[in-house]
Each structure stands twice: as C-alpha cells, then as structure tokens.
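All chains are named by letter (A, B, ...) in the order of the sequence lines, taking the proteins before the strands, and each is independently numbered beginning at 1.
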Amino acid sequence: MQKIHRAASACPQCGFTLADADGQFGGRELRLRCLADTAGLLRHEERERVEAAMRRFRQRFPQLFVTIYTGALGEAAHLRRFGLWLLNRANFVDMPPGSSNAAGILLTIDPVIKTAGMSVGYLLEPFLEETDTFECLARAHSYFLEGRYADGMIKAFDQLTWLLRKRSQQAKRHPRRFTGHLPPPAPQEVAR
Amino acid sequence: MKPWLWLTLAAGLAGPLLPARDTTPLPTLSEAQRKTMATSEWLAGDQILGGSTDAEPPPDLGEAPPTADLATGKTATLPVAEKYLAAYFDTRPETFLIDPQGLLDESSGHDLLGLLKAHSSDSPIDLFIYVFAKDQEIPGEVRGEELSERCFATGRPALLVYYFLGAPQQAALYASPSLPETIPATEPPQALQSAISQASQAANPAEQLHSFIEQLTKRIYRMEQMLHSIAEDAEGSKRSLALAAKLAKKSSSLSARLARLQPLAQKLAIPGLLLISGLAVILGIAGWRRRQATYRFPELTVEPRLGGEHAAGVGAVIAFASVNLPPASQRQQVADDSRRT
C-alpha cells in the first residue's frame with residue numbers, strides 16, 4: 001500500500017490535486033454559513049435544533065467547529081472530493097474572523113444519491129482516523145435512512161463529541177502518541 | 001246442674017208419693033213363675049225389686065287386669081319385675097342389647113346385637129338398647145338421666161334407649177355426659193323421632209327394633225360428621241391462631257431488632273444524610289463541570305497535501321439508500337483519488 005507523503009502535492013496513484021477539484025467545483029472562494037442546507041432538508045424547528053447542537057460543540061471544543069452542507073453532488077466520489085474542496089475553499093461567514101478551516105469538520109449530505117460524508121481539517125487529522133468518522137456517520141445512518149436528517153446530524157455530532165473528548169484526554173495524557181501519527185517526510189517523495 | 005235435670009229428679013222422687021192416675025200396673029208373678037224364671041233365665045229388676053237374696057257372690061278375679069287409660073289411649077302398664085331391675089340398671093352393661101327378660105327371640109337378639117356391635121366398631125358413639133315389653137313400666141325410682149350419669153359418666157360417649165318392644169313410639173333416649181357438648185341439643189331428640197318414624201313402618205316388633213336401630217345409627221353417623229366438621233373448624237382456627245402467634249412473634253422479634261437498631265440509626269442518621277447529600281452535591285458538581293468542560297487539542301504541525309491549505313480529505317462516506325446496505329457492510333471504504341493510503 002502506498003502512502004501519500006505529508007508534503008505530496010498530488011495523489012501518487014491518480015495524480016489528483018485540489019486543482020482538479022477546483023476544475024470540478026469552481027476555483028473561487030465560496031461564502032457559506034456553517035449550516036448550508038441548500039437541499040432544503042431541514043424545517044425551521046429542525047434547523048434551530050441543529051444549530052444549537054453546533055453551538056454546544058463549539059463551546060465544548062473552542063478550537064473546532066462543525067459545518068454542514070446538503071446538496072446534490074452527483075456521485076459518491078464527488079462527495080469525497082467535494083468535502084476536501086469545500087474545507088479548503090469555503091469562507092464560513094458565521095465564524096469569528098481569523099478562524100481556520102483546518103479546525104473544521106464538514107458533514108456533507110447528498111439527498112439524491114443518499115450518501116453522507118465527513119471530512120476533517122488538518123487540526124484533527126492526527127487525532128481522528130477514517131474509521132472514527134465512519135462511526136459518526138454509522139450512528140446517524142438509521143435516521144438518514146428514515147429521512148430524519150436533523151436527528152441524524154445531532155446523533156453524529158454526539159458521537160463525534162464523545163470521541164473527541166476521549167481523544168483530547170488521551171492527547172493530554174499521552175501527547176507523544178499523536179505526534180508520531182504521520183510518517184516523517186521522505187526526501188525523494190517531497191522532491192516528487 | 002241444669003234445670004231440666006232437676007225437674008226430672010224431682011219427678012222421680014215424688015212419683016211414688018203422688019197418687020197414680022193413669023199408670024200401667026206392674027206384672028204380678030206367682031211364686032212358681034218367679035222360681036221358674038229365676039232358674040231358667042235372667043229376671044229383669046229382680047235384684048232391684050229384692051227378689052232373691054241367695055245370689056252367688058262375684059268370683060274373685062285376683063289382681064285387677066290392666067285396663068286401658070281412656071285419657072291417653074295407652075294400655076295400662078305393669079312395672080318391670082323387681083328381679084330384673086339389677087340386670088337392667090345396676091351397672092354399665094357389658095353388651096349393647098340389654099334384654100334380661102328374654103323378650104327377643106334368640107335369632108333376633110343375635111342379629112340386633114351384631115348390628116349394634118358393628119356400629120360400635122365404626123362409631124365413637126356407642127348405642128345401648130334397653131328392651132322392655134310393650135306394656136311394661138319402668139319403676140319411678142329409675143331415671144334415665146340418673147342412669148346415664150351413674151353408669152356412663154366415664155368411657156366412650158353413648159346413647160341409651162329405652163325401647164318398648166312393639167311400641168316404638170314409647171322409646172326414650174338419653175345421652176351420656178361424655179357425649180360432646182358440641183353436638184346440638186336438638187340433634188338426639190330429632191334422631192329419636194326419625195328412628196321411631198322408621199320403626200313404625202315395620203309390622204313385626206323385631207323388625208321394628210331393627211329399623212329403629214338402623215335409623216338411629218344413621219343419625220349418629222350424622223352427629224359424627226358434625227363433630228368432625230366442628231373439630232376441623234376448631235383445628236383450623238387453632239392453626240390460624242398458631243400462625244398468627246408465629247407471625248406476631250416474628251414481627252415482634254423484628255420490631256425488637258429494629259428497636260435495638262434504632263439508637264444506632266438515630267446516631268447515624270445525620271452523618272448519613274450529610275454523607276448522602278455531600279455525595280449528591282459532588283456528583284452534581286462533577287456532572288455540571290463535565291457539561292461545562294472544554295476540551296482542547298495540541299496543535300500539531302501537519303504538512304499540507306494535495307495542494308489543500310486546510311484539509312486533505314481524511315474522512316469517510318456512507319450510503320443510506322437502502323436498508324439492505326447497513327453500515328457494517330460499508331466499513332471497508334473504497335479507495336479513490338482523495339483517500340490517504
């Protein structure tokens with residue numbers, strides 16, 4: 001299995017870069033609110049509940065924030081790329097100035113192809129595995145299946161909160177465990 | 001006396017004194033005729049008119065025969081001969097059929113005795129039959145109640161019956177003092193009446209006595225049943241009383257134990273309450289602090305990849321299109337161009 005180096009500019013298998021995503025979704029900066037329900041999945045009351053859950057999350061993890069995007073994207077691979085692209089290109093207008101998207105966690109839902117994805121910024125990358133984000137989505141799966149999107153979002157954030165609290169405590173007790181999370185840069189890969 | 005009777009009597013007395021005006025003259029008999037009639041046949045008015053004076057005196061019949069008591073309809077009675085009194089009334093009889101006069105024939109006596117013995121073996125209440133003749137009278141000095149108290153005060157409970165052969169309606173029943181008092185007082189007389197009624201339907205005196213005894217034994221069996229039910233009730237109430245006493249004892253022992261613990265409980269009540277309150281407060285504060293707690297992560301340096309300034313696509317995707325595609329089957333994420341491998 002080939003590993004992408006920390007400083008790799010493109011995927012060593014397919015050569016994918018953010019520029020490819022820019023070509024697909026647009027290269028300019030996108031101004032969004034943290035809860036961008038472009039698909040119109042949430043009613044007013046549900047929207048308030050979800051926003052309250054997002055606020056609670058921010059209170060508990062002052063460094064982090066969660067964002068939600070709902071909309072039709074085409075296919076699952078696009079959803080994954082879209083998450084990467086949105087975290088890099090979006091400007092969340094309801095975030096305090098100076099906030100970095102590297103501290104963001106994006107939950108993307110495509111109601112047409114009925115797929116959900118979760119992407120995290122660089123800040124959480126050492127502390128979260130792909131399986132962790134999968135567990136959060138799995139917790140929301142049954143609610144999404146029934147069309148109860150608000151409940152599914154809140155459940156996913158609850159699971160994420162529980163997980164991050166645990167990881168925060170672990171990082172506090174064993175900081176070295178997470179510093180070696182990513183492999184050290186290899187000179188030849190950096191050169192590539 | 002009524003006026004017409006007075007008048008009749010007065011006329012009768014005055015009649016000879018008054019001159020006969022229109023009367024039929026009495027027949028006049030010659031001496032020869034008188035003798036002939038006296039020897040041949042009864043002469044009306046001979047005695048009154050003072051005819052013959054050599055009439056024979058009435059024969060001596062000895063003791064007057066029993067005569068019927070017109071008031072009660074009973075035949076006149078003779079007392080039981082003195083020589084049998086001891087056999088009847090002196091001691092508690094050793095057999096259930098007391099017939100010292102031999103009023104019953106041998107086979108009947110044997111059958112009835114067998115019946116009484118069989119009853120005695122089955123029943124806790126014995127039955128003694130004193131057999132008298134129909135026209136016999138029990139001497140006044142012998143009283144059934146006295147006999148039962150004197151001879152049947154001890155031993156098994158018993159019923160005594162004075163039975164007059166051929167006259168079951170004259171039978172008298174006495175209960176021994178040892179008969180349980182729990183049997184209602186009305187029961188023995190009712191049993192006697194029932195037996196008399198049954199005996200009256202038979203014609204033969206021996207058969208009457210047989211029916212009498214059979215019916216009486218049935219009624220005695222009924223008395224036994226009543227005794228059993230009473231005993232069972234008493235036993236049940238005894239048992240419930242014992243149970244209640246046991247429970248009371250248990251509860252009293254529990255209450256005694258609680259009473260012993262009460263001073264200790266009073267001593268520990270305030271510290272215990274304080275401890276529990278303290279724990280509740282601590283738990284509440286811990287919960288509140290946990291809810292209010294904030295968590296931070298060390299900001300580790302992560303080199304940007306794929307040209308991304310803030311993120312490089314670490315994340316999972318899940319499909320919720322069908323219930324047939326559960327999360328468990330999607331755990332292995334499909335590698336694509338943005339996946340870190």
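- For A:Leu124, the part sitting under 4.5 Å from any heavy atom of chain B is the side chain, from C-beta outward, and nothing else.
- Ranking A:Gln169, A:Arg60, A:Gln59 against chain B, the residue ahead of the rest is A:Arg60, based on heavy-atom pairs under 4.5 Å.
- Ion pairing between A:Glu51 and A:Arg47 holds under the 4.0 Å rule for side-chain N and carboxylate O.
- With a threshold of 4.5 angstrom between heavy atoms, A:Arg167 approaches chain B through its backbone and through its side chain.
- A donor-acceptor distance shorter than 3.5 angstrom exists from the side chain of A:Asn101 to the backbone of A:Ala90, with no hydrogens or angles considered.
- Residues A:Gln63 and B:Glu299 meet the side-chain proximity criterion, which asks for heavy atoms closer than 4.5 Å.
- Contact check on A:Glu146 versus A:Arg148 returns a salt bridge, with a Lys/Arg side-chain nitrogen under 4.0 Å from an Asp/Glu carboxylate oxygen.
- Using a 4.5 Å heavy-atom threshold, the side chains of A:Met153 and A:Ile109 count as touching.
- There is no contact between A:Ile105 and chain B, counting heavy-atom distances below 4.5 Å.
- The most heavy-atom pairs under 4.5 Å with chain B, out of A:Leu86, A:Leu106, A:Leu87, come from A:Leu87.
- Ring-plane geometry between B:Phe320 and A:His141 is classed as perpendicular, the angle between the planes exceeding 60 degrees on a 0 to 90 degree scale with a lower cut at 30.
- When each of A:Arg89, A:Arg165, A:Glu135, A:Arg56 is checked for heavy-atom pairs under 4.5 Å with chain B, A:Arg165 comes out on top.
- Interface remark: B:Ala293 contributes backbone atoms only to the contact with chain A (heavy atom separation under 4.5 Å).
- At a 4.5 Å heavy-atom cutoff, A:Leu107 makes no contact with chain B through either its backbone or its side chain.
- Of the listed residues (A:Gly117, A:Ala102, A:Ala138, A:Ala171), the one with the most heavy-atom contacts under 4.5 Å to chain B is A:Ala102.
- In the model, A:Thr115 has no side-chain atom that pairs as donor or acceptor with a side-chain atom of A:Asp110 under 3.5 Å.
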